[in-house]
2 protein chains.
Amino acid sequence: MPQKRILPYIILELLQERPLTGKEITAQFQNEIGEFWKASHSQIYPELMRMQHDNWLKITENDSDGRKKHYQITVTGEQVLSNWIKEPVTELPLNRDLFSLKLFFVTKSDSKVIEKLFNDQIALISAQLEHLKARKKLLFADKAPIEQHFGHYLLLNRAIARQEGQLNWLKETLAQLS
Amino acid sequence: MPQKRILPYIILELLQERPLTGKEITAQFQNEIGEFWKASHSQIYPELMRMQHDNWLKITENDSDGRKKHYQITVTGEQVLSNWIKEPVTELPLNRDLFSLKLFFVTKSDSKVIEKLFNDQIALISAQLEHLKARKKLLFADKAPIEQHFGHYLLLNRAIARQEGQLNWLKETLAQLS
DNA sequence: CGAATCATGTAAAGAGTTACATGATTGG
DNA sequence: CCAATCATGTAACTCTTTACATGATTCG
């Protein structure tokens, strides 16, 4: 087992609200979910076929559009999902990021390198932070998150808090170094 | 290109200090580096052969121990590494973590589920935080980080700051929810 | 009608994991 | 000397990404 399968469960989650086509599922991974999980259509279509084969989902009948395939979660699929959700999360994710890597190998004398490394990272995170804040404003401006989007709201807040923490640490540490 | 090659550059970094055997390199990934990058020996040995073939490193001569192979970075390897280090980090890492995933799909009515999700994560991060702090104490108690370990010191601080931020957010948010 | 694109799919390759294998060496 | 382990290596498999392919549909 190289990695525990996650993708099919994400798809099941998405289908809980309503039936979707492969295209629509793919789009989700480029928008909301893309923040923390990526999957391309070349991964999704085979996965859908496999899930259909395992009877986790089926193609909805009476579909007006000929080529689009609307996938719908089955009772089996709902059970599978329900069991998966109950499994506790027992390990922290491994953060394979280049900044950590370069930071690790930096030596104290590389002050120029360190400075650039920090400034680049600050720029990156600032941009990301702006993006996240803009999205929060767009999606949840004033109004409280409605039922379905509550998790999304929590996640956005968490991402923002994390990036702000990062940014502060970067700025403080950079200031101390110089 | 499925993913940009990182592993060989990490190995080059490790070899900059002194020649190492495959076993020793593997050990590094289970200790210091393991915090943010993993690699098993079955990945490392073929990589070493490949790098040797590309002349990024060579086996040191006059080795007393017969079976151990001490790999040494070559001039070519140093150039390759130097170029790689100069490349700016242009993208943030994708955080594929299950907690985010489950958080995203949670609905407001699942108060029991949310609570458990948060408490599990708080326990996980607390444990990790203790571990990190213990290591910092062990490695850098009182004494300032020496030249070679400066990056390691920075990285540990960053990891601790990140986990503390996480933990605070989790606790605050959990309190607000109930 | 012809070109662009839509929706779906297939192919090829690299990265990473787990499990298996092997010859040398050490220790009781 | 024999068993454990050390150090290295191989195999099989899954995940993920990039690139290529194809038939249907829309639009000027």
Side-chain angles (χ1 to χ4, degrees), chain A residues 1-11 14-15 19-30 33-34 36-54 57-60 63-72 90-91 93-98 101, chain B residues 1-11 14-15 19-30 33-54 57-60 63-72 84 90-91 93-98 101:
Chain A
M1 269 161 279
Q3 227 157 317
K4 279 187 184 170
R5 293 194 62 64
I6 307 289
L7 181 58
Y9 301 102
I10 304 180
I11 293 176
L14 290 172
L15 293 182
L20 297 169
T21 67
K23 186 81 177 185
E24 289 169 325
I25 292 172
T26 304
Q28 296 265 8
F29 281 96
Q30 282 158 357
I33 299 181
F36 57 95
W37 208 279
K38 297 231 187 245
S40 52
H41 75 276
S42 60
Q43 216 185 336
I44 289 166
Y45 286 115
E47 188 64 56
L48 285 170
M49 285 189 275
R50 171 179 168 158
M51 291 168 77
Q52 191 187 8
H53 176 267
D54 291 348
L57 41 78
K58 64 184 179 192
I59 297 181
T60 54
D63 201 329
S64 57
D65 194 326
R67 70 188 150 137
K68 288 185 195 171
K69 294 182 184 175
H70 284 261
Y71 289 95
Q72 183 176 6
T90 56
E91 42 190 51
L94 184 63
N95 258 350
R96 279 191 157 114
D97 73 300
L98 285 181
L101 203 53
Chain B
M1 270 161 279
Q3 227 155 317
K4 280 186 185 169
R5 294 191 62 63
I6 307 289
L7 182 58
Y9 302 103
I10 304 181
I11 293 177
L14 290 173
L15 293 183
L20 296 170
T21 67
K23 187 80 177 187
E24 288 169 327
I25 292 172
T26 303
Q28 296 267 8
F29 282 95
Q30 282 160 357
I33 299 180
E35 225 55 70
F36 58 94
W37 208 280
K38 297 228 187 249
S40 51
H41 76 276
S42 60
Q43 216 186 337
I44 288 166
Y45 287 114
E47 188 63 55
L48 285 171
M49 286 188 276
R50 172 179 167 159
M51 291 168 77
Q52 190 187 7
H53 176 266
D54 291 349
L57 41 80
K58 63 183 179 194
I59 297 182
T60 54
D63 201 328
S64 57
D65 194 328
R67 68 190 153 138
K68 288 186 194 169
K69 295 182 185 175
H70 284 261
Y71 289 94
Q72 183 175 6
W84 182 74
T90 56
E91 41 190 50
L94 183 62
N95 257 349
R96 280 191 157 115
D97 74 300
L98 286 180
L101 203 53

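Throughout, protein chains are lettered first and strands after them, A, B, ... in sequence-line order, and every chain is numbered starting at 1.
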Heavy atoms from C-beta onward define the side chain here; which of [options] lies closest to that of [X]?
{"X": "B:R50", "options": "C:dT10, C:dA15, C:dT8", "result": "C:dA15"}
{"X": "A:Q43", "options": "C:dA7, D:dT17, D:dT10", "result": "D:dT17"}
{"X": "A:R5", "options": "D:dA11, D:dT14, D:dT8", "result": "D:dT14"}
{"X": "B:K68", "options": "D:dT8, C:dG9, C:dA19", "result": "D:dT8"}
{"X": "A:S42", "options": "D:dA7, D:dA19, C:dT17", "result": "D:dA19"}
{"X": "A:Y45", "options": "D:dT16, C:dA19, C:dG9", "result": "C:dG9"}
{"X": "A:S40", "options": "C:dG9, D:dT10, D:dT18", "result": "D:dT18"}
{"X": "A:R96", "options": "C:dG16, C:dG9, D:dA7", "result": "C:dG16"}
{"X": "A:K69", "options": "D:dG9, D:dT18, C:dG9", "result": "C:dG9"}

Shortest non-hydrogen contact from A:L15 toward A:I25: CD2-CD1, 4.2 Å

Heavy-atom closest contact (B:P19 atom, B:E24 atom, distance): O-OE1, 4.3 Å

Calculate the interatomic distance between [X] atom [atom1] and [N] atom [atom2]; express it in whole Å.
{"X": "A:W37", "N": "D:dT17", "atom1": "CH2", "atom2": "C1'", "answer": "15 Å"}
{"X": "A:L94", "N": "D:dC15", "atom1": "CG", "atom2": "C1'", "answer": "15 Å"}
{"X": "A:E47", "N": "D:dT14", "atom1": "CD", "atom2": "P", "answer": "12 Å"}
{"X": "A:F29", "N": "D:dT17", "atom1": "CZ", "atom2": "P", "answer": "10 Å"}
{"X": "B:F36", "N": "C:dG16", "atom1": "CZ", "atom2": "P", "answer": "14 Å"}
{"X": "B:M49", "N": "D:dG9", "atom1": "CE", "atom2": "P", "answer": "5 Å"}
{"X": "A:Q30", "N": "D:dT16", "atom1": "CD", "atom2": "P", "answer": "16 Å"}
{"X": "A:I44", "N": "D:dC15", "atom1": "CD1", "atom2": "C1'", "answer": "14 Å"}

Close side-chain approach of A:I44 and A:F29, heavy atoms under 4.5 Å: yes

Residue pair A:I59 / A:Y71, side-chain heavy-atom distance below 4.5 Å: yes

By side-chain hydrogen bond (donor to acceptor under 3.5 Å, both in side chains) - contacts of B:Q28 (at least two apart): none

Most 5' of B:L48 and A:H41 on DNA chain D, judged by nearest nucleotide: B:L48

